[in-house]
Amino acid sequence: MERGEGLQPDLAGAGAKLTAGSLCVVSLLALNSALSVYINLADYTPGYLDGVGLMLAPVLIEFIGFSAAYWLIPHRSVPLRYALTGGIIATVLFELLKWLFAIYLQSVSFRHIYGAMAVVPITLVWLYAVWLVVLFGASLTASLASFRYRPKAVRAAKGLDFYWVLRLVARFQQARTQRTHLPFNSLALLEPNIAEPMMRSYLAGLAGMGLIESDSHDHWWLSGSLSEHTLKDLHQGLGLRIPVEDIGLPSQGDDIDALILPIIEVLRGSLKAPLERPLSLCFPEVSAP
């Protein structure tokens, strides 16, 4: 695929997704408001099941609205499970906010201060508080991917960047063979031991080298043939360190490792002997002039 191919449809799809998500959220919140007014002003006494349903319906609508907002609106791919988690937290906080705001309005008389204009400060305070809840849920949703669990041995190991980058390159080569692109979320699932900030830095470095490229949906693919790049390009272009020490590589035991581990061993072997040379042989004694 040539560079930039399919970018315009992706941008159009992103705009449609953003518009649909915003309309969905606004519609659900409007429905929630209408339902709340109906519950408070209905001129009948609901039965037990009707009452429970009317009490739970606004909460369910809020949950769907928040989850849809965190899933559809961001200009990047968000896993549904993270959006649902953020939706749950935002819904709980929103219900708590409604309860506290009702108590606050009962204890403070805006009408005595502002008269007929009391609705203005009340609305501004409410919108401010609601926006804080929405932003908190969005921040939580965006942060969840950065807190994936990684084994302690992997977190503590140093000098493994070259190993991880080679695994990513192998993943992209596999995707090219299958004529597919790799979404960032799929890469995160395929390589769960690479933290999101680290993976994004690897992808940015590989893209800067012209090895890979992406679209507006955070899908990645090889931009050219691997024959145009060398191990030296990865080593120097990304500033990676070859793990020459006896570091236990976090082998995944898959077909990717079958390709990567022999490369690492060859690089280790070529550097091990020169690095074990005593400094006395490098700097022999020199007689004073």
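Keep in mind that what you see is a predicted model, and the values were worked out from it rather than measured. In what follows, residues are counted from 1 in the order of the sequence shown.
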* **Over all atoms of both residues, closest heavy-atom pair of R171 and L190** => NH2-O, 3.5 Å

* From K98 atom NZ to L93 atom CG, the distance as rounded to the nearest 0.5 Å -> 12.5 Å

* Structure fact -> Of all heavy-atom pairs linking G87 and Y70, the shortest is N-CD1, 3.8 Å

* Structure fact -> Here the gap from R81 atom CZ to S67 atom OG, rounded to the nearest 0.5 Å, amounts to 14.5 Å

* Any side-chain heavy-atom pair of L211 and F172 under 4.5 Å -> no

* List the atom of I212, the atom of W220, and the distance in Å for their closest heavy-atom pair. => CD1-CE3, 3.5 Å

* Structure fact -> F101 meets the ring pair (Phe, Tyr, Trp, His ring centres under 6.0 Å) criterion, sequence neighbours left out, with W126

* Between E95 and E62, which heavy-atom pair has the shortest distance, and what is it? -> OE2-OE1, 2.6 Å

* State the CG-CG distance between L96 and L100, to the nearest 0.5 angstrom. => 4.5 Å

* Criterion side chain to side chain contact (heavy atoms under 4.5 Å, CB included) on R167 and L259, from CA distance to verdict -> CA-CA 9 Å; R167 286 189 62 87; L259 298 172; over 6 Å; no

* To do: Of all the heavy-atom pairs spanning D233 and T230, show the shortest one and how long it is.
  => OD2-N, 2.8 Å

* Asked: If we only count heavy atoms from C-beta on, is the I194 to E191 side-chain gap below 4.5 Å?
  -> yes

* Taking the side chain as C-beta and beyond, is there a heavy-atom pair between F184 and M199 under 4.5 Å? -> yes

* Asked: Just by distance, with hydrogens left out, do E213 and W221 show a side-chain donor and acceptor under 3.5 Å apart?
  -> yes

* Asked: Does a side-chain heavy-atom distance below 4.5 Å link L234 with M209?
  -> yes

* Would you find a donor on one side and an acceptor on the other, under 3.5 Å apart, between the side chain of D215 and the backbone of H219? -> yes

* Spatial distance of atom OH (Y163) from atom CG (L168) [nearest 0.5 Å] -> 11.0 Å

* Asked: Which atoms form the tightest heavy-atom contact between V133 and A90, and what is the distance?
  -> CG1-O, 3.6 Å

* Structure fact -> Interatomic distance, CG@L140 vs CG@L144, rounded to 0.5 Å, equals 4.5 Å

* **Check: T180 side chain, R176 main-chain N or O, donor-acceptor pair, under 3.5 Å** => no

* Would you kindly say whether N185 and Y82 are connected by a side-chain donor-acceptor distance under 3.5 Å? => no

* Any donor-acceptor pair under 3.5 Å linking the side chain of T141 with the backbone of A83? -> no

* Validation row: L187, R200 side chains within 4.5 angstrom (heavy atoms) -> no

* Asked: Do the side chains of Y202 and L238 get nearer than 4.5 Å, heavy atoms only?
  -> no

* Structure fact -> Distance col, row S139:OG vs I89:CD1, nearest 0.5 angstrom, shows 13.0 Å

* Structure fact -> Besides Y128, the hydrophobic cluster formed by Ile, Leu, Val, Met, Phe, Trp and Tyr side chains linked at under 4.5 Å, directly or via other members, contains L132

* side chain to side chain contact (heavy atoms under 4.5 Å, CB included) assessment of W99 paired with I103 -> CA-CA 7 Å; W99 178 68; I103 296 177; 3.6 Å; yes

* Asked: Would Q174 and I256 count as a side chain to side chain contact (heavy atoms under 4.5 Å, CB included) if you check the C-alpha gap in whole Å, the side-chain angles of each, and the deciding distance to 0.1 Å?
  -> CA-CA 9 Å; Q174 278 189 342; I256 299 293; 3.5 Å; yes

* Can you list the steps and then say if L166 with I264 is a side chain to side chain contact (heavy atoms under 4.5 Å, CB included)? -> CA-CA 9 Å; L166 288 177; I264 297 294; 3.9 Å; yes

* Asked: Less than 4.5 Å apart, any side-chain heavy atom of W71 and any of L84?
  -> no

* Shared hydrophobic cluster for V266 and F162 (ILVMFWY, side-chain gaps under 4.5 Å) -> no

* For the side chain of S186 and the backbone of L182, is there at least one donor-acceptor N/O pair under 3.5 Å apart? -> no

